[in-house]
Asker: 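Have a look at the structure that comes next, please.
Quick note: residue numbers are just sequence positions, from 1. Nothing here was measured: the structure is a model prediction, and the numbers come from that model.
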Amino acid sequence: MAKQIPTVTTLLLLFFVILREVEGAERLGEVKLFVFGDSYVDTGNLVNSISYKPPSGITFPGTPAGRFSNGCVLTDYIASFLKIKSPIPYVFRNSSNLQYGINFAHGGTGIFNTLDNEPNMTVQIDWFEKLIQQKIYTKADLESSVALVNSAGNDYATFLQRKQRRMQDIPVFTASLIQQMSINLRRIHSLGINKIAVGLLEPIGCMPMLTAISSYEKCLEPFNLISQNHSQMLLQITQELNKELGKPVFVTLDLYNSFLSVLATMQKRRSDDPTLMNPLEPCCEGVSREYYCGSVDEKGEKKYGLCEKPEFSFFWEGAHLSQNGWYGVYTILYSSLRSLIQTKL
């Protein structure tokens, strides 16, 4: 059979496709990342929290540095994907380089106010807008930047902890969260960001603080149903916004299914090798109920214990992932993240 010779048109198309990929890779290092949300993406704004106390950061960077984990969190992996360093926390904005963007996220916060009394997402966006008004970043800076938005877990925790709140009231609360998130997303885009990654809600029923009642054997489905409904509504609103804008500004990151997928894989490996750690179990926890990961007594003695191999855990403590957990989630989200850097011919 005779070999087909590529036409000039085919070669030209191939050339432009390769050129686009090369240009995209070159531009990655010029991207800035602006982060809004809670402790899943906070890299150092909550300076008086356990994130700045041992054993936080024992894997990376080797000492407590403001992450609610033993190492890297979602923000770090997305920054690495964009080929930049993690953006500086907002609290250090006056003393550090701002060339990679800014992380406005605060642990314990939500879309609305939470029990932690830290800046909610609206306030975080206010800070961002103020920096733009001060001309810290140019229009070109913003147009080539990416925003990462992740919040809602603390909103549900606050809702359920307040008196006279019932599970049957959750659908109305979810609708109010989605409505406010839609306002927030529109606002971030209106300030000049053309690519915005939006985290769907993690399966809150799998958090160790909840699965402890089953000896870490299974997730609590009624709580996961809350996450499912929230994520479906958030996905729908981002699709509607993209349709309204006529372009794919918003890219959803499916934390719900990513978490469950990694957990399922780790549970299967454990069924083959019972010596492996139960992925639903936290690596770091207090020695008794009155203590937590990072607790010390009045003598400064540790009142928490660590798993033998943190690098093989999924959960770091009661509500946060380990570096290994976040890496597993990131690998699944990788294909979605590619949408953030696609360029037009």
Asker: Taking the side chain as every heavy atom from C-beta outward, state whether Thr122 and Phe112 have any atom pair closer than 4.5 Å.
Answerer: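 No; the side chains remain at least 4.5 Å from each other.
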
Asker: Say you draw a straight line from CG of Leu148 to CD1 of Ile196; how long is it, rounded to the nearest 0.5 Å?
Answerer: 10.5 Å

Asker: Apart from Ile50 itself, which Ile, Leu, Val, Met, Phe, Trp or Tyr residues share its cluster (side-chain heavy atoms under 4.5 Å, direct or through members)?
Answerer: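 Leu46, Phe68, Tyr292, which link up through side-chain heavy atoms under 4.5 Å apart, make up the rest of the cluster.
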
Asker: Classify the side-chain pair Asn150/Asp38 by whether it contains a donor and acceptor separated by less than 3.5 Å.
Answerer: yes

Asker: Within the distance-only criterion (no hydrogens, no angle test), does the side chain of Ser49 pair as donor or acceptor with the backbone N or O of Ser51 below 3.5 angstrom?
Answerer: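 Pair found, side chain donor or acceptor close to backbone of Ser51.
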
Asker: Between Leu177 and Phe159, does the side chain to side chain contact (heavy atoms under 4.5 Å, CB included) criterion hold? Intermediate values first, please.
Answerer: CA-CA 11 Å; Leu177 285 174; Phe159 180 88; over 6 Å; no

Asker: Does Asn242 use its side chain to pair, donor to acceptor, with the backbone of Val249 at less than 3.5 Å?
Answerer: yes

Asker: Flag the pair Tyr90 / Trp127 as yes when their ring centroid distance falls below 6.0 Å, and as no otherwise.
Answerer: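 Here the rings of Trp127 and Tyr90 have centres that are less than 6.0 Å from each other.
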
Asker: Would you call Asp272 and Lys268 a salt bridge, taking side-chain N to carboxylate O under 4.0 Å as the test?
Answerer: yes

Asker: Tell me whether the rings of Tyr327 and Tyr330 are parallel (<30°), tilted (30 to 60°) or perpendicular (>60°).
Answerer: tilted

Asker: For Ala147 and Phe36, work out which heavy atoms get closest and say how close.
Answerer: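 So the minimum-distance heavy-atom pair works out to CB-CE1, 4.3 Å.
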
Asker: Identify, with sequence neighbours excluded, every residue that meets side-chain contact (heavy atoms from CB on, under 4.5 Å) alongside Asn194.
Answerer: Glu143, His189, Lys247

Asker: Can you establish whether the number of heavy atoms outside Phe173 located under 6.0 Å from its atom CZ is more than 12?
Answerer: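 Correct, the count exceeds 12.
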
Asker: Is it the case that one hydrophobic cluster holds both Leu191 and Leu33, taking links as side-chain heavy atoms less than 4.5 Å apart, direct or via other members?
Answerer: yes

Asker: Counting neighbours of CD on Gln267 that are heavy atoms of other residues, nucleotides or ligands and sit closer than 6.0 Å, is the number greater than 12?
Answerer: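 Yes, because the 6.0 Å sphere around CD of Gln267 holds more than 12 heavy atoms from other groups.
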
Asker: At their closest point, which heavy atom of Gly37 faces which heavy atom of Met121, and how far apart are they?
Answerer: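 Looking at all heavy atoms of both residues, the shortest contact is CA-CE, 4.2 Å.
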
Asker: Is there a donor-acceptor contact under 3.5 Å linking the side chains of Gln232 and Gln236?
Answerer: no

Asker: Does anything in residues 56-65 form a side-chain hydrogen bond (donor to acceptor under 3.5 Å, both in side chains)? List the pairs, not counting sequence neighbours.
Answerer: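 Found Thr59-Asn70.
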
Asker: So, using salt bridge (charged side-chain N to carboxylate O under 4.0 Å, His left out) as the criterion, who are the partners of Asp76 when residues are at least two apart?
Answerer: Arg67

Asker: Any chance you could measure Gln124, atom CD, to Asp126, atom CG, to the nearest 0.5 Å?
Answerer: 10.0 Å

Asker: Tell me every residue that passes side-chain contact (heavy atoms from CB on, under 4.5 Å) with Ser231, counting only those two or more places apart in sequence or in another chain.
Answerer: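 Checked Ser231 against side-chain contact (heavy atoms from CB on, under 4.5 Å); matches are Leu200, Leu201, Tyr256.
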
Asker: Under the salt bridge (charged side-chain N to carboxylate O under 4.0 Å, His left out) rule, collect the residues that match up with Arg289, sequence neighbours excluded.
Answerer: none

Asker: Which distance, rounded to the nearest 0.5 Å, do you find between the CD1 of Ile58 and the CG of Leu306?
Answerer: 5.0 Å

Asker: Taking the side chain from Ser227 and the backbone from Ile204, do they hold a donor-acceptor pair closer than 3.5 Å?
Answerer: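 Between the backbone of Ile204 and the side chain of Ser227 there is a qualifying donor-acceptor contact (under 3.5 Å).
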
Asker: Apply side-chain contact (heavy atoms from CB on, under 4.5 Å) to Gln133 and list each qualifying residue two or more places apart in sequence or on a separate chain.
Answerer: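 Only Glu129 meet the side-chain contact (heavy atoms from CB on, under 4.5 Å) criterion with Gln133.
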
Asker: Taking atom types as modelled, is there a side-chain donor on Asn184 or Gln180 under 3.5 Å from an acceptor on the other?
Answerer: yes

Asker: Does any part of the side chain of Ile178, heavy atoms only, come nearer than 4.5 Å to the side chain of His230, both counted from C-beta?
Answerer: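 Yes, side chains in contact.
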
Asker: SG to SG below 2.5 angstrom is the rule I want applied to Cys307 and Cys283. Does it hold?
Answerer: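 Disulfide present: SG-SG distance under 2.5 Å.
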
Asker: If you take all heavy atoms of Asp42 and Val73, which pair is closest and at what distance?
Answerer: O-CG2, 4.1 Å

Asker: Is it the case that over 12 heavy atoms from other parts of the model lie below 6.0 angstrom from the CG atom of Asn48?
Answerer: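 No, not enclosed.
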
Asker: Side-chain contact, heavy-atom cut-off 4.5 Å: Ile88 with Leu98?
Answerer: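 Yes - at least one pair of side-chain heavy atoms lies under 4.5 Å apart.
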
Asker: Starting from Tyr291, walk the hydrophobic network (Ile, Leu, Val, Met, Phe, Trp, Tyr; side-chain heavy atoms closer than 4.5 Å) and list everyone else you reach, by chain and number.
Answerer: Val287

Asker: For the pair Asn103 (side chain) and Ala105 (backbone), establish whether a donor and an acceptor sit closer than 3.5 Å, ignoring hydrogens and angles.
Answerer: yes

Asker: Looking at Lys135 and Asp141, is there a salt bridge between them, counting it only when a charged N and a carboxylate O are closer than 4.0 Å?
Answerer: no

Asker: Determine whether Tyr77 and Gln323 make a side-chain contact, defined as any pair of heavy atoms from C-beta on separated by less than 4.5 Å.
Answerer: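 Yes, at least one pair of side-chain atoms sits under 4.5 Å.
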
Asker: Begin with the C-alpha distance, continue with both residues' side-chain angles, and end with the deciding distance and a verdict on side chain to side chain contact (heavy atoms under 4.5 Å, CB included) for Arg162 and Leu115.
Answerer: CA-CA 9 Å; Arg162 284 179 171 157; Leu115 297 176; 4.1 Å; yes

Asker: Are any non-hydrogen side-chain atoms of Pro279 and Arg270 less than 4.5 angstrom apart?
Answerer: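 Counting from C-beta outward, Pro279 and Arg270 do come under 4.5 Å.
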
Asker: Hey, does the side chain of Ser261 reach the backbone of Ser258 with a donor-acceptor pair shorter than 3.5 angstrom?
Answerer: no

Asker: State, with a plain yes or no, whether a side-chain heavy atom of Phe223 is found less than 4.5 Å away from one of Leu160.
Answerer: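 Yes, side chains in contact.
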
Asker: Do the side chains of Met207 and Phe315 get nearer than 4.5 Å, heavy atoms only?
Answerer: yes

Asker: Treat each ILVMFWY residue as a node, draw an edge where side-chain heavy atoms are under 4.5 Å apart, and state whether Phe60 and Ile78 are in one component.
Answerer: no

Asker: Going only through I, L, V, M, F, W and Y residues with side-chain contacts under 4.5 Å, is there a path from Tyr40 to Leu337?
Answerer: yes

Asker: Hey, does the side chain of Tyr100 reach the backbone of Ala79 with a donor-acceptor pair shorter than 3.5 angstrom?
Answerer: no

Asker: Does either side chain, that of Thr174 or that of Tyr156, offer a donor lying less than 3.5 Å from an acceptor on the other one?
Answerer: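 Judged by distance alone, the side chains do pair up.
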
Asker: In terms of hydrophobic clustering (I, L, V, M, F, W, Y; side-chain heavy atoms under 4.5 Å; direct or indirect links), are Val251 and Ile341 co-clustered?
Answerer: yes

Asker: Please, which pairs that meet side-chain hydrogen bond (donor to acceptor under 3.5 Å, both in side chains) have at least one residue in residues 296-318, sequence neighbours excluded?
Answerer: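 Checked against side-chain hydrogen bond (donor to acceptor under 3.5 Å, both in side chains) - neighbours excluded - the pairs reaching residues 296-318 are Ser313-Ser322, Glu317-His320.
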
Asker: Taking only residues two or more places apart in sequence or in another chain, which ones pass side-chain contact (heavy atoms from CB on, under 4.5 Å) with Leu142?
Answerer: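 Residues passing side-chain contact (heavy atoms from CB on, under 4.5 Å) with Leu142: Phe34, Phe128, Ile132, Tyr137, Ile193.
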
Asker: Could you list all the side-chain hydrogen bond (donor to acceptor under 3.5 Å, both in side chains) pairs where at least one residue sits in residues 211-222, not counting sequence neighbours?
Answerer: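 side-chain hydrogen bond (donor to acceptor under 3.5 Å, both in side chains) check on residues 211-222 returns Tyr216-Glu285.
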
Asker: Sequence neighbours excluded, which residues qualify as salt bridge (charged side-chain N to carboxylate O under 4.0 Å, His left out) partners of Asp273?
Answerer: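 Partners of Asp273 by the salt bridge (charged side-chain N to carboxylate O under 4.0 Å, His left out) criterion come out as none, since no residue qualifies.
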
Asker: At their closest point, which heavy atom of Thr109 faces which heavy atom of Asn154, and how far apart are they?
Answerer: O-ND2, 2.8 Å

Asker: Taking atom CD of Glu202 and atom CG of Leu253, what is their separation to the nearest 0.5 Å?
Answerer: 12.5 Å

Asker: Please give me the minimum heavy-atom distance between Arg269 and Leu276, naming the atom from each residue.
Answerer: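 Closest heavy-atom pair between Arg269 and Leu276: O-CD1, 3.6 Å.
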
Asker: Report the relative orientation of the aromatic rings in Phe314 and Phe259; use parallel for angles under 30°, tilted for 30 to 60°, perpendicular for over 60°.
Answerer: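 The rings of Phe314 and Phe259 stand perpendicular, inter-plane angle above 60°.
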
Asker: Would a hydrophobic clustering, with Ile, Leu, Val, Met, Phe, Trp and Tyr connected at side-chain separations under 4.5 Å, put Leu235 with Val149?
Answerer: no

Asker: Please give me the minimum heavy-atom distance between Leu210 and Gly205, naming the atom from each residue.
Answerer: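 That closest heavy-atom pairing would be CD1-CA, 4.2 Å.
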
Asker: Going by heavy atoms in the side chains, are Thr114 and Asn120 under 4.5 Å from each other?
Answerer: no

